[in-house]
Amino acid sequence: MKFWRTPLDVDKLKIPRGELHIIKERCKGCGFCVEYCPKGVLQLAAEFNSKGYHPPEAVKPEECVNCDLCEMLCPDFAIYCVRVEEGEKEVTQ
Amino acid sequence: MSVQTKQLEERVHPMEKLLRMDRIPHIWCPTCGLGTTITALAAAIDQMKLDYDNIAVVSGIGCTGRVAGYMKVDSFHTTHGRSIPFAVGLSIAKPKTKVIVFSGDGDLISIGGNHFIHTARRNMDITVICVNNFIYAMTGGQVAPTTPLTAKSATSPYGCYEHPFNLPLLAASSGASYVARWTALHIRRLTTALKEAISKKGFSFVEVIAPCSTLYARLNKLGSGLDLMKFYHDNSEIKHGADLKDVDIEFQSKITVGKFVDIEKPTYLECLNANNKRVFGDKYQPYGG
């Protein structure tokens, strides 16, 4: 990660890590989460759910930083992420 | 796959405490912006740590009118255009309740237009969220009072030739204390605006521009709701305190968003109490619900 100035508490900062939960049967395949994930974690799956939509799937789940944008943008309450504390990386320049 | 299923059994979506889950999945089309707007409202209520027993959501008729049925707080689904009168009665009877009117442009501004301007004039202590999709969506895509010039709809196949309302200007000139406009894409700013609007004393108005994929986008050949979201991303201009005469929305033009009005002004009940105090003196017991 690049900083334009080094934060004073850089040694205490950790990059948050999120765990994605996708409720596939509730998804209507709008693609908002896929389009607006800042880390490009998601893509639409090739498989269908029972309503015939393509739900998202996590292709790079380890890159999720728990920003909650997919959870906020999802119109169908079908995706959310939970912060997991273990395995969070230190901030390095 | 098995791990994920196990986790789903243990955990539930964080918004479920504010939704009537027996009615989900909702009936709205894929890529509709209404679910996103509900998430913003639920997040605002959640972050403000409000008591769920002291919130009421009132809706009218239309796609947005179904919000009252999906929110797990006190809610009422009124007749067409009459969401504001119901909310006003509720707000007078129970002044400590946060009354939120969540309805569409056709319901609030067309059929309920007179209620809207007079409630803003009286500065009733309610929050009005108007989801503007530029069209009467549930009834088949007819011209709404917000349809931009030249936009096609079911009743204007050669383009709309009526001047649309400028909703922030209408609300502010009628006397609203808080006026903001965001799109369904500005989800965090919208959540902040809703928090400010709910905590504001007096008439607060938030316009939310939301994509309608099935009718507005299809009739105007604009692609899907996702394409409209991309359009909002590229063409929204944040201008806090902008001159409201300039925030008109033309067909596929720049959309000015931001917080336009945030003023302090006595509410209806404060004016009522002050006036009666002036006339009757100490004999008058102030009304506070």
Side-chain angles (χ1 to χ4, degrees), chain A residues 16-38 40-62 64-87, chain B residues 1 3-21 23-44 46-47 63 70 131 183-191 210-211 213-214 223-230 232-233:
Chain A
R17 214 166 70 82
E19 189 182 46
L20 272 171
H21 295 260
I22 301 163
I23 306 168
K24 288 181 183 163
E25 290 308 309
R26 224 183 267 167
C27 176
K28 289 183 190 160
C30 67
F32 286 179
C33 53
V34 177
E35 174 72 25
Y36 290 106
C37 176
V41 170
L42 297 157
Q43 72 169 28
L44 285 183
E47 58 169 332
F48 295 94
N49 64 11
S50 61
K51 284 182 285 188
Y53 296 112
H54 294 285
E57 65 180 4
V59 281
K60 293 183 279 181
E62 68 286 348
C64 175
V65 289
N66 193 32
C67 71
D68 273 353
L69 196 63
C70 54
E71 180 186 320
M72 295 291 285
L73 274 175
C74 178
D76 290 278
F77 321 104
I79 188 170
Y80 64 101
C81 44
V82 180
R83 187 166 175 177
V84 280
E85 300 276 341
E86 71 249 39
Chain B
M1 180 62 204
V3 176
Q4 200 170 50
T5 319
K6 186 165 165 281
Q7 283 162 349
L8 284 184
E9 283 163 9
E10 288 166 6
R11 295 174 193 271
V12 286
H13 193 280
M15 294 303 162
E16 287 190 11
K17 57 193 172 206
L18 272 161
L19 297 171
R20 294 180 204 266
M21 289 315 292
R23 289 171 159 245
I24 302 287
H26 53 63
I27 64 154
W28 296 316
C29 313
T31 73
C32 173
L34 278 167
T36 311
T37 318
I38 286 203
T39 313
L41 178 61
D46 202 28
Q47 288 168 21
C63 290
Y70 294 128
V131 180
T183 73
L185 182 65
H186 296 89
I187 188 77
R188 295 196 199 277
R189 292 172 191 269
L190 175 62
T191 308
S213 58
T214 309
S224 70
L226 184 58
D227 293 317
L228 279 179
M229 285 293 228
K230 287 178 190 162
Y232 300 155
H233 180 271

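So you know, we letter chains A, B, ... as the sequences are listed, proteins then strands, and number each from 1. Only this structure's heavy atoms are used, side chains among them; waters, hydrogens and symmetry mates stay out.
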Exercise for the section: Select, from Arg188(B), Met15(B), His233(B), the one with the greatest count of heavy-atom pairs under 4.5 Å involving chain A. Expected result: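 Among the listed options, the one with the most contacts to chain A is Arg188(B).
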Practice task
Below 4.5 Å from any heavy atom of chain B, which atoms of Glu25(A) appear? Answer side chain, backbone, both or neither.
Solution key: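 No part of Glu25(A) comes within 4.5 Å of chain B.
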Practice task
Please flag which part of Leu69(A) lies under 4.5 Å from any non-hydrogen atom of chain B: side chain, backbone, both or neither.
Solution key: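 For Leu69(A), the contact with chain B is made by backbone and side chain together.
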Side-chain contact, heavy-atom cut-off 4.5 Å: [X] with [Y]?
| X | Y | answer |
| --- | --- | --- |
| Glu35(A) | Met229(B) | no |
| Leu190(B) | Met72(A) | no |
| His13(B) | His21(A) | no |

Exercise for the section: Counting only heavy atoms closer than 4.5 Å, note whether Thr191(B) contacts chain A via side chain, backbone, both or neither. Expected result: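 Side chain only.
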Handout entry: side-chain hydrogen bond (donor to acceptor under 3.5 Å, both in side chains) partners of Arg23(B), counting only residues at least two apart
Key =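 Testing Arg23(B) for side-chain hydrogen bond (donor to acceptor under 3.5 Å, both in side chains), a comparison that skips the adjacent residues, returns none.
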Handout entry: Qualifying residues under side-chain hydrogen bond (donor to acceptor under 3.5 Å, both in side chains), relative to Lys17(B), sequence neighbours excluded
Key =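 Only Asp46(B) meet the side-chain hydrogen bond (donor to acceptor under 3.5 Å, both in side chains) criterion with Lys17(B).
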For residues 32-42 of chain B, which side-chain N or O atoms pair as donor and acceptor with protein atoms under 3.5 Å away, sequence neighbours left out?
residue, atom, partner, partner atom, Å
Thr36(B), OG1, Leu73(A), O, 3.0
Thr37(B), OG1, Gly33(B), O, 2.8
Thr39(B), OG1, Gly35(B), O, 2.8

Practice task
Could you list which of residues 43-58 of chain A have a heavy atom closer than 4.5 Å to any heavy atom of chain B, in residue-number order?
Solution key: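 Lys51(A), Tyr53(A) fall under the 4.5 Å cut-off.
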Practice task
Over 60° means perpendicular and under 30° means parallel, so classify the ring planes of His26(B) and Phe77(A), tilted if in between.
Solution key: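 Rings of Phe77(A) and His26(B): perpendicular, as their planes differ by over 60°.
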Problem - Distance (rounded to the nearest 0.5 Å) between Tyr36(A) OH and Ile187(B) CD1 - result: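 Between atom OH of Tyr36(A) and atom CD1 of Ile187(B) there are 12.0 Å.
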Exercise for the section: Among the options Gly29(A), Cys27(A), Cys30(A), pick out the one with the most heavy-atom pairs lying under 4.5 Å from chain B. Expected result: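 Winner by heavy-atom pair count: Cys30(A).
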